[in-house]
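These notes concern the structure reproduced below.
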Amino acid sequence: QCKEAAYEERRYPAGKWACVTKGEPLYEQSISMSFMKLMRYICKENSVGCYLGMTVPVLNEIHLTKEGTKLEREVVTAYYIPGEFQQNPPVPMDPEIHITERAPLQVITRVFYGMTTEETILREISLFWELLGSTDTVLQETYIVAAYENPSVPQRRNEIWFICRA
């Protein structure tokens with residue numbers, strides 16, 4: 001028995017998320033631009049004109065190319081709308097921000113620390129597959145990178161989420 005689990009399984013309830021989709025040349029550019037848009041929405045650029053409150057993690061949904069060696073350009077960055085606004089989310093002023101109802105989600109997750117770049121994410125996905133072994137219980141082309149701290153934190157906590165099939 002390991003002292004620390006290599007990964008864990010979690011369930012998340014359905015909920016409303018503010019999402020931005022970007023397809024910049026670099027993964028880091030996409031998530032940075034999307035997060036800045038979401039921060040403006042969180043801080044004041046919304047129909048109630050007030051600070052909504054930060055929730056974590058911020059999710060970045062990614063897709064691998066058919067060969068599985070690179071990330072597709074389009075990344076969806078998602079911010080969970082705080083509980084008090086779930087029933088009636090404030091409308092974003094930015095037309096690139098969409099409020100989405102996400103279905104309940106079951107994931108297998110593993111922590112990693114540091115910067116999230118295409119290279120580090122591909123390495124984490126590969127390491128996770130080695131740990132899990134061959135399985136068809138999770139999707140093999142769609143993954144989520146969950147960020148728990150500000151991108152400027154050098155050794156910030158992240159997770160890679162493998163999405164369980166329904």
(message) Just so I know, are the side chains of Asn46 and Pro92 near enough to count as touching, which here means a heavy-atom distance under 4.5 Å?
(response) no
(message) Which label fits Phe162 and Phe128: parallel for a plane angle under 30°, tilted from 30 to 60°, or perpendicular past 60°?
(response) tilted
(request) Answer yes or no for Arg110 and Tyr7: cation-pi contact, defined as NZ/CZ to six-membered ring centre under 6.0 Å and angle to ring axis within 45°. (result) no
(message) Between the side chains of Lys66 and Glu72, is the shortest nitrogen-to-carboxylate-oxygen separation below 4.0 Å, so that they form an ion pair?
(response) no
(request) For Arg165, look at atom CZ and say whether over 12 heavy atoms of other residues, nucleotides or ligands are found less than 6.0 Å away. (result) yes
(message) Less than 4.0 angstrom from a charged side-chain N to a carboxylate O is my criterion; do Glu101 and Lys16 meet it?
(response) yes
(request) Mark yes when over 12 heavy atoms from residues, nucleotides or ligands other than Met54 sit less than 6.0 Å from its CE; otherwise mark no. (result) yes
(request) Establish, from distance only, whether the side-chain atoms of Thr77 and Asn60 form a donor-acceptor pair under 3.5 Å. (result) yes
(request) Give a yes or no on whether a salt bridge exists between Lys22 and Glu96, defined as a side-chain N under 4.0 angstrom from a carboxylate O. (result) yes
(message) Closer than 4.0 angstrom, basic N to acidic O: yes or no for Arg73 and Glu118?
(response) yes
(message) How close do Pro57 and Trp17 get, counting heavy atoms only, and between which atoms?
(response) O-CZ3, 4.1 Å
(request) Measure the OG1-CD1 distance between Thr116 and Ile31 for me, rounded to the nearest 0.5 Å. (result) 4.0 Å
(message) Checking Glu159 against Thr109: is there a side-chain donor and acceptor pair closer than 3.5 Å?
(response) yes
(message) Taking atom CG as the centre, does Asn88 end up with more than 12 heavy-atom neighbours from other residues, nucleotides or ligands that are less than 6.0 angstrom away?
(response) no
